[in-house]
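Data block below; observations after.
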Amino acid sequence: GKLPVFNFNSSLRKVDLASLNFLNRENNPTFVAEVSISLTGNTLDNAEGSVLFEEVSYKEGDKLVTADSIFIETMLGERRDFKLTSDFIDLRIAGDYNFSALNRTLQHFISLYIPALTTLNNKRPESQEFNFKGQIKKSREIMSIFFPELVIADSSSFEGKVSTDN
């Protein structure tokens, strides 16, 4: 059948992320942004298009994180190409993968290579083959909220390849 098409702009004002079950956090996180969406699809795995967040702010307790913009683009073809461009991180993931299985894939690799970090099972996920490359930009504000024990230097970069078949 035909996939739904979403083309709209919205002003998100003080979105209560805990009440919407997006985040299970104690300090009543709120999100504010101007959003432009141009997407086709009915699941993350068949979504194609872009989402632009502008004038972004995330507040949790007395901590505030702001961004001029966060741009997400996903394209399908012979392979999936996902790009995230923001004030915090630039990330590209390209290959043959499903978004719905990425969490299981990550859990699998952590259980194999850093077993002390997880009690999750290491059952091999469905076939996923992709390359990733990213650069950390402005990380201190966001890390102080979500991972206060972790410090990542700005301008850090990372890249690699994931293959669940090998």
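As a basis for the values below, the full set of heavy atoms in this structure was taken, side chains included, without hydrogen atoms, waters or symmetry mates.
Between Asp81 and Arg92 a salt bridge is recorded (basic side-chain N to carboxylate O distance below 4.0 Å).
Other residues, nucleotides and ligands contribute at most 12 non-hydrogen atoms within 6.0 Å of the CZ atom of Phe22. The number of heavy-atom neighbours closer than 6.0 Å to CD of Glu78, taken from other residues, nucleotides and ligands shown, is 12 or below. For CG of Asp68, the number of neighbouring non-hydrogen atoms (other residues, nucleotides, ligands) closer than 6.0 Å is 12 at most.
Partner Lys137 forms a side-chain hydrogen bond (donor to acceptor under 3.5 Å, both in side chains) with one of Asp87, Asp90, Thr85 and no other, that one being Asp90.
To the nearest 0.5 angstrom, Leu17 atom CG is 9.0 Å from Ser19 atom OG.
Ring-plane geometry between Phe53 and Phe31 is classed as perpendicular, the angle between the planes exceeding 60 degrees on a 0 to 90 degree scale with a lower cut at 30.
Between the side chains of Ser163 and Glu129, at least one donor N or O sits under 3.5 Å from an acceptor N or O. A donor-acceptor pair shorter than 3.5 Å can be found between the side chains of Ser11 and Glu34.
The six-membered or imidazole ring of Tyr97 lies away from that of Phe82, with a centre-to-centre distance of 6.0 Å or more. The six-membered or imidazole ring of Tyr58 lies near that of Phe146, with a centre-to-centre distance under 6.0 Å.
Geometrically, Arg80 does not engage Phe130 in a cation-pi contact, judged by NZ or CZ lying under 6.0 Å from the ring centre and within 45° of the ring axis.
For Arg140, the salt bridge (charged side-chain N to carboxylate O under 4.0 Å, His left out) test picks out no residue, with sequence neighbours left out.
Looking only at distances, a side-chain donor or acceptor of Asp45 sits under 3.5 Å from a matching main-chain atom of Phe99. Judged by distance alone, with hydrogens and angles left aside, the side-chain atoms of Ser38 form no donor-acceptor pair with the main-chain N or O of Ser50 at under 3.5 Å.
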